[in-house]
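Below is one structure, written out as structure tokens, with a few remarks after it.
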Amino acid sequence: MSLAEFGIVFLRALMVFGLLLVATIVNIWAERKILADMQARIGPNRAGPFGILQTVADGLKLFFKESITPRKVELGMYMLAPFLAVIPAFLIFMMVPFGRPFTIGGNEVALVGADLNIGLLFVLAMSSMAVYAVVLAGWSSGSKYPLLGGVRATAQAISYEAAMGLAMVAVVVYSATQGDGGTLSLVEIVERQNGTWAGFIPRWNLFPQVAAFVIFLLAIIAETNRAPFDLVEAEQELVGGFHTEYSGMRFAMFFLAEYINIFSMSAIAATLFLGGWSGPTFEDSVPAFISAILPTVWFLLKTYAIVFIFFWLRATLPRLRYDQLMTLGWKGLIPAAVVWLIVSTISMGFRQFGAPWG
Amino acid sequence: MGVLAEFLKGLAVTGKTMIRTIFGDGLVTTQYPKEKRQKPQRFHGRHVLNRYPDGMEKCIGCELCAGVCPAKCIYVRGEDNDPDNPTSPGERYGYVYEINMLRCIFCGLCVEACPTEAITMTTLFEFSTTSRNDAIYTRETLLMDEKGNVPHMFPEDPLIEPKELLTADGWVRATAPAGMAAYEGVQMWQRTAGPADWSPEPSQDEIDATTGKSEDGDG
């Protein structure tokens, strides 16, 4: 590997890291502002213009606070859990292409952390890994409420990951009919959504796979433990859930992981269903640097549209009861995902190969 | 499908509220230290010891307020007036007057009990302190000065609007007959020093017209 190649890999990783950190700062602020607006309040408005530095202030505060270690914790696991939460959160986003590749000094820089050919599998694997952090944090805290939170997290993640995976499969099968063979690479899936139908409808997977989109959206909300599926950290029942015994920077890391997960899961939803960075770049009418940046702008707009749905649901819906959560998962989403997968696959088969009786 | 309809209805409510908050007048909160709401007429704020317009203290040291206080937070000790230079028009005056604001429940019974309307309640409510001793208001902190200004422990505090210290006329009696037809237009209260010149009792309709809402609203 030459120095330039190494530099580009480093640059890509750095871009992902920076993007996620900035996105988290913006996300937390945006969530608080949007919730405030929906509740007819003002929200944070003291730190910086419109309170946008509120997250920075909160982060600094947590950073300088004491990280208390309660007496009954299993020390190793207790220390490990926050890192186990943050690392998969960062890794998930590594798979997501967030802009069109550009060229520096003859080297092409792909705007993606890493283009694995098993990208989607990696995403599923890492989102499962994130559950370990919650379970370990809950168990190693040596306290009842975190333990309950951790146990709930396990059940919830298992229930909803199945639906999420099945919704992804439907997209993968559909995407295989759009190009040369099947692919699990997110970069490839985005490229297959470029272009339009009939000149104006974008070729997003959303339109042929709308049911899969709804299932996926519900599943990622449950997967990231957000309201109305936030039983893992239900304040009224479990104090803070799995992070009750954490404080200072360790608590901040769980918080960071949660918001990175929201962003990266929204990014994956945007990539799978809304065409990722694809969109008009107006290459003829605007300067070159704008048309180079526009794909990233489209990507961020689509991602934030989905992040906004997260916030909107949180402001609107009360938390589900535990049995309602399980009912929705096992009796609602998973059967729906299976049926949708079968129906969409058969119809694609008809289109691809013709009717078997024809 | 009923669930889905309800779900969409809920989303519409929050969505509409958001748009109203951003682009309209949906906001229900105020920027408290910067802008203050007008407090209700009978707001039970901190107490003030009044003076007559000639500067005499109204308190006669009878200790009725201390006796009626359900929280037992008032301590009064009367003393005979100096005949040549009396502090109050009566025989005695409140030599020591202390209210422990940490124990006070702001029920206003002291105001009811007072035979001379010496103690009344203002609309001031910002009296947090950093020391328990500071929460015991003494005669010096309670008694209005000759011009009728209400003393305050921390008049320089950014939360305190100097104007508010001049309004010792927040509330007089829980049984203030506002709205009772028999008392309309009648000047009910004795004059005090300073701007607290009680206007005649307004009728309930007038009160509703000026505040724009009914009395029992929280302002």
Side-chain angles (χ1 to χ4, degrees), chain A residues 29-52 54 210-211 213-215 217-219 221-222 226-230 304-321 323-329 331-333 335-336, chain B residues 1-40 43 123-130 154-164 208 211-219:
Chain A
W29 170 79
E31 168 166 43
R32 293 179 64 176
K33 268 298 197 202
I34 288 169
L35 282 185
D37 288 339
M38 286 181 171
Q39 295 160 358
R41 296 185 284 116
I42 295 172
N45 65 346
R46 291 278 136 182
F50 303 106
I52 199 154
Q54 184 65 44
V210 65
F213 177 66
V214 173
I215 293 166
L217 200 61
L218 288 173
I221 294 171
R226 296 289 298 176
F229 305 111
D230 57 344
Y304 270 101
I306 293 172
V307 170
F308 178 75
I309 294 177
F310 273 75
F311 300 157
W312 198 358
L313 288 178
R314 172 164 177 200
T316 308
L317 297 178
R319 184 179 303 123
L320 264 66
R321 217 169 50 218
D323 62 314
Q324 290 169 333
L325 177 91
M326 285 297 151
T327 309
L328 180 65
K331 295 185 184 166
L333 291 187
Chain B
M1 283 297 103
V3 177
L4 193 65
E6 297 290 313
F7 171 74
L8 292 176
K9 219 196 272 174
L11 285 180
V13 168
T14 41
K16 255 187 272 175
T17 311
M18 185 181 81
I19 288 164
R20 215 172 47 225
T21 312
I22 296 176
F23 300 107
D25 56 348
L27 214 57
V28 294
T29 51
T30 49
Q31 293 293 71
Y32 160 60
K34 272 196 220 154
E35 48 179 287
K36 292 184 169 186
R37 280 192 182 148
Q38 204 194 344
K39 273 158 263 179
F43 186 86
T123 54
L124 293 169
F125 63 93
E126 291 121 339
F127 32 85
S128 57
T129 59
T130 49
F154 314 105
E156 303 298 314
D157 193 291
L159 295 181
I160 300 300
E161 199 175 327
K163 231 173 31 198
E164 280 187 297
D208 289 350
T211 55
K213 59 194 76 172
S214 80
E215 264 278 279
D216 46 22
D218 59 358

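Below, read A as the first sequence line, B as the second, and so on, with proteins coming before strands; counting in each chain starts at 1.
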Given heavy-atom pairs under 4.5 angstrom as the criterion, report whether the side chain, backbone, both or neither of A/Phe311 touches chain B. neither
Best-contacting candidate, A/Leu313, A/Leu317, A/Ile42, against chain B by heavy atom pairs under 4.5 angstrom: A/Ile42
More than 12 non-hydrogen atoms from neighbouring residues, nucleotides or ligands closer than 6.0 Å to CZ on A/Phe308, yes or no? yes
Pairs of donor and acceptor atoms, chain B with chain A, under 3.5 Å:
from, atom 1, to, atom 2, distance (Å)
B/Leu11, O, A/Trp312, NE1, 3.1
B/Thr14, OG1, A/Trp312, NE1, 2.9
B/Thr14, OG1, A/Thr316, OG1, 2.7
B/Thr21, OG1, A/Asp37, O, 2.7
B/Val28, N, A/Ala40, O, 3.1

Turns out that what part of B/Ile22 lies under 4.5 Å from chain A's heavy atoms comes down to side chain
